[in-house]
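Report on the following structure.
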Amino acid sequence: MAMAAAPDQQQLPAGASSSSPRLRIHDTTLVPPSPSPPETSLPLTYFDIFWLHSPPVERLLFYRLAADADVATIISNLRDSLHQAVRAFYPLAGRIRLTPGTSDRYELHYQPGDAVTFTVAEYDDDDADADIDGLTADEPREVAKIATLVPPLPEGGGLFALQATLLSARRGLAIGVTVHHAACDGSGSTHFLHTWAAACISGAEAPPPPPPPPPVIDRTLLPDPRGLYDVFFQGAPSTDELEFVKMSADQLIATFVLSKDDLERVKEAVADEAARRRVAPPRCSSLVATFGLVWSCYQRAKDEESISGGAGAGPMACLLFAVDHRSRVKPPLPDKYLGNCVGPAFALAPQGELAVAGAAGIFSACAAVASSIDEAVRDIETSAMDVWLDRVKEAGTKGTLLSVAGSPRFRVYDLDFGFGRPAKVDIVSVARTGALAMAESRSRSSTGGMEVGVSLQPAGMERFRKCFVDAIAWLHLHQSRVEQS
């Protein structure tokens with residue numbers, strides 16, 4: 001079923017410059033669950049209502065295609081297999097709406113005929129900006145050049161949209177995914193993608209891998225005896241408050257990679273600094289090491305001119321990231337529960353301490369991150385949850401907040417639809433929210449590494465790049481000194 005967009009329509013993203021690559025939309029199809037479930041309403045839980053006004057999450061997966069790839073068959077397989085994934089995740093085909101007869105209760109409403117939008121598009125063949133190699137580079141790229149590769153959500157409360165865009169004379173393919181955060185968290189949306197990929201690859205000659213288990217669609221599994229829905233609804237930040245930065249026309253996005261060896265060097269440096277200070281070392285997992293190093297670099301790049309008072313100077317900075325509480329709420333939720341079940345962790349440290357180069361800044365950042373995880377786990381289902389939104393707003397108002405999107409647990413680089421693993425995965429929406437984008441390293445030779453997407457304006461990006469390169473060089477030097485001593 002075709003929508004309003006006409007085939008071969010030329011389109012530019014809102015706010016993009018005329019130099020942005022031109023997108024040619026071939027068609028937009030409505031993909032309903034089949035057979036259709038009955039009309040269903042899923043009330044938003046207190047974890048869902050937290051995200052009512054949040055900007056949509058936009059994820060972009062790039063794939064290289066073989067020279068002899070049958071593009072028409074690839075697109076057909078993507079569309080046909082999508083029916084199977086939509087059937088399993090049918091609430092995503094519905095809409096978010098105010099529950100009839102109420103003024104403050106929201107729900108996901110599905111009715112027969114609802115569908116997920118699937119757009120097929122192509123960059124102009126003669127456009128150099130559509131080159132797959134350039135689009136998948138780690139180096140800074142203009143956000144405007146990839147913004148049209150993720151589709152907008154349907155008007156009227158739509159929850160989910162997908163787009164497949166052919167690139168580089170059909171040598172590449174970009175799959176754009178846009179989801180309303182109130183419908184599900186990152187665990188749920190990537191579960192959908194893994195289900196879709198498994199359905200798409202199941203027609204191959206080789207035995208396909210087993211499909212993921214189906215989602216658990218039952219919002220009654222999360223009771224609310226303390227009335228947190230009302231607390232979060234009344235305090236829910238507006239879209240403007242959640243967009244902590246305003247994207248500029250020259251906004252850039254880049255990827256910074258930390259190998260497993262780099263992360264081991266961070267852990268060793270933190271342990272050595274703890275020994276020097278004669279304090280117990282923080283619990284420094286690979287995730288803590290990644291957050292700590294990147295947060296320290298970010299703060300040093302941001303404040304290299306404004307902070308000159310040394311350690312302890314400046315206001316408190318905050319790193320905000322999500323902690324999955326499926327196994328911690330009472331009763332525990334199934335691992336494949338479809339909805340939101342993440343709460344914030346607030347890592348706090350003085351800006352001046354974070355901005356110190358070398359071991360001191362990294363130690364302060366890692367210690368704060370580790371402590372915030374312990375606090376987030378300890379505080380679940382206590383009165384501390386009542387002030388989550390107040391703490392988010394306070395940090396955002398002070399301008400010292402850095403947030404995180406994504407997780408290495410989502411295994412986005414395992415998303416093989418039958419034509420190989422992704423060459424690159426970006427979370428495009430971090431350009432609006434100012435968040436870091438986290439994922440596991442895509443390198444098969446660097447298992448255990450991490451990659452971090454960063455979106456900044458050109459001057460800020462260059463400062464961050466320099467701080468990151470200097471930090472990696474210092475880690476190597478520190479390791480050499482320790483080995484020689």
Side-chain angles (χ1 to χ4, degrees), residues 256-304 307-321 323 345-379 400 402 404 407-409 436 438 440-441 446-452 454 464-485:
F256 297 85
V257 179
L258 287 161
S259 69
K260 182 179 180 180
D261 289 342
D262 290 332
L263 295 176
E264 290 302 318
R265 293 183 185 103
V266 172
K267 297 173 188 178
E268 291 169 3
V270 169
D272 292 343
E273 180 66 9
R276 189 189 69 80
R277 299 187 182 196
R278 297 183 179 180
V279 298
R283 183 171 54 84
C284 197
S285 65
S286 293
L287 189 70
V288 171
T290 303
F291 283 172
L293 179 72
V294 175
W295 188 25
S296 177
C297 291
Y298 183 91
Q299 198 62 52
R300 188 158 62 257
K302 179 181 178 182
D303 300 328
E304 62 180 5
I307 291 184
S308 57
M316 298 293 283
C318 178
L319 180 72
L320 176 68
F321 56 96
V323 175
F346 300 89
L348 299 169
Q351 290 186 30
E353 288 187 8
L354 294 174
V356 175
I362 297 173
F363 176 85
S364 294
C366 288
V369 171
S371 176
S372 71
I373 294 173
D374 292 340
E375 178 190 38
V377 171
R378 183 177 62 249
D379 289 349
T400 61
L402 176 63
V404 179
S407 168
R409 296 186 302 105
L436 303 173
M438 284 290 301
E440 76 280 14
S441 172
S446 182
T447 303
M450 301 277 189
E451 61 182 50
V452 183
V454 178
F464 179 85
R465 185 201 65 79
K466 182 180 183 304
C467 289
F468 184 85
V469 170
D470 289 348
I472 297 298
W474 179 87
L475 287 170
H476 282 261
L477 181 60
H478 175 77
Q479 182 185 44
S480 297
R481 287 173 177 171
V482 170
E483 290 174 348
Q484 292 171 7
S485 61

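No experiment lies behind these values; they were computed from the predicted model shown.
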**OP:** Decide, yes or no, whether a salt bridge links R265 with E268 under the criterion of side-chain N to carboxylate O below 4.0 Å.
**Re:** no
**OP:** State, with a plain yes or no, whether a side-chain heavy atom of F321 is found less than 4.5 Å away from one of M438.
**Re:** no
**OP:** Work out which heavy atom in M316 is nearest to a heavy atom in P350; give both atom names and the distance.
**Re:** SD-N, 3.6 Å
**OP:** Measure the CG-OG distance between L319 and S296 for me, rounded to the nearest 0.5 Å.
**Re:** 11.5 Å
Subject >> Atom of W295, atom of A317 and distance for their closest heavy-atom approach >> reply: CZ2-O, 3.7 Å
Original post:
What are the two closest non-hydrogen atoms of R300 and A471, and how far apart are they?
Top reply: NH2-CB, 4.1 Å
Original post:
Are the side chains of L354 and Y298 in touch, meaning some heavy atoms are under 4.5 Å apart?
Top reply: no
Original post:
Looking at E273 and R277, does any basic side-chain N land under 4.0 Å from a carboxylate oxygen?
Top reply: yes
Subject >> S371 and D374: side chain donor to acceptor below 3.5 Å >> reply: no
**OP:** State, yes or no, whether a side-chain contact exists between S285 and V288 at a heavy-atom distance under 4.5 Å.
**Re:** yes
Original post:
Does a side-chain heavy-atom distance below 4.5 Å link M450 with V294?
Top reply: no
Original post:
Are L258 and V266 side-chain neighbours, meaning at least one heavy-atom pair lies under 4.5 Å?
Top reply: no
**OP:** Measure the OG1-CD distance between T290 and E451 for me, rounded to the nearest 0.5 Å.
**Re:** 11.0 Å
Original post:
From I373 CD1 over to R283 CZ, what is the distance, rounded to the nearest 0.5 angstrom?
Top reply: 5.5 Å
**OP:** Kindly indicate whether the side chain of I472, heavy atoms from C-beta on, has any atom under 4.5 Å from the side chain of L293.
**Re:** yes
**OP:** Over all heavy atoms of both residues, which pair between A349 and S364 is shortest? Give the atoms and the distance, please.
**Re:** CB-O, 4.5 Å
Original post:
Got a sec, which residues hit side chain to side chain contact (heavy atoms under 4.5 Å, CB included) with D470, two or more places apart in sequence or on another chain?
Top reply: K466
Original post:
Would a 4.5 Å heavy-atom cut-off, applied to side chains only, mark H478 and D272 as touching?
Top reply: yes
**OP:** Output the distance between atom CD (Q479) and atom CG (L475), rounded to the nearest 0.5 Å.
**Re:** 9.0 Å
Original post:
Closest heavy-atom contact between A376 and A345?
Top reply: CB-CB, 4.0 Å
Original post:
Looking at side-chain heavy atoms only, is the closest gap between K260 and S286 below 4.5 Å?
Top reply: no
Original post:
Between F363 and V270, what is the shortest heavy-atom contact and its length?
Top reply: CD1-O, 3.6 Å
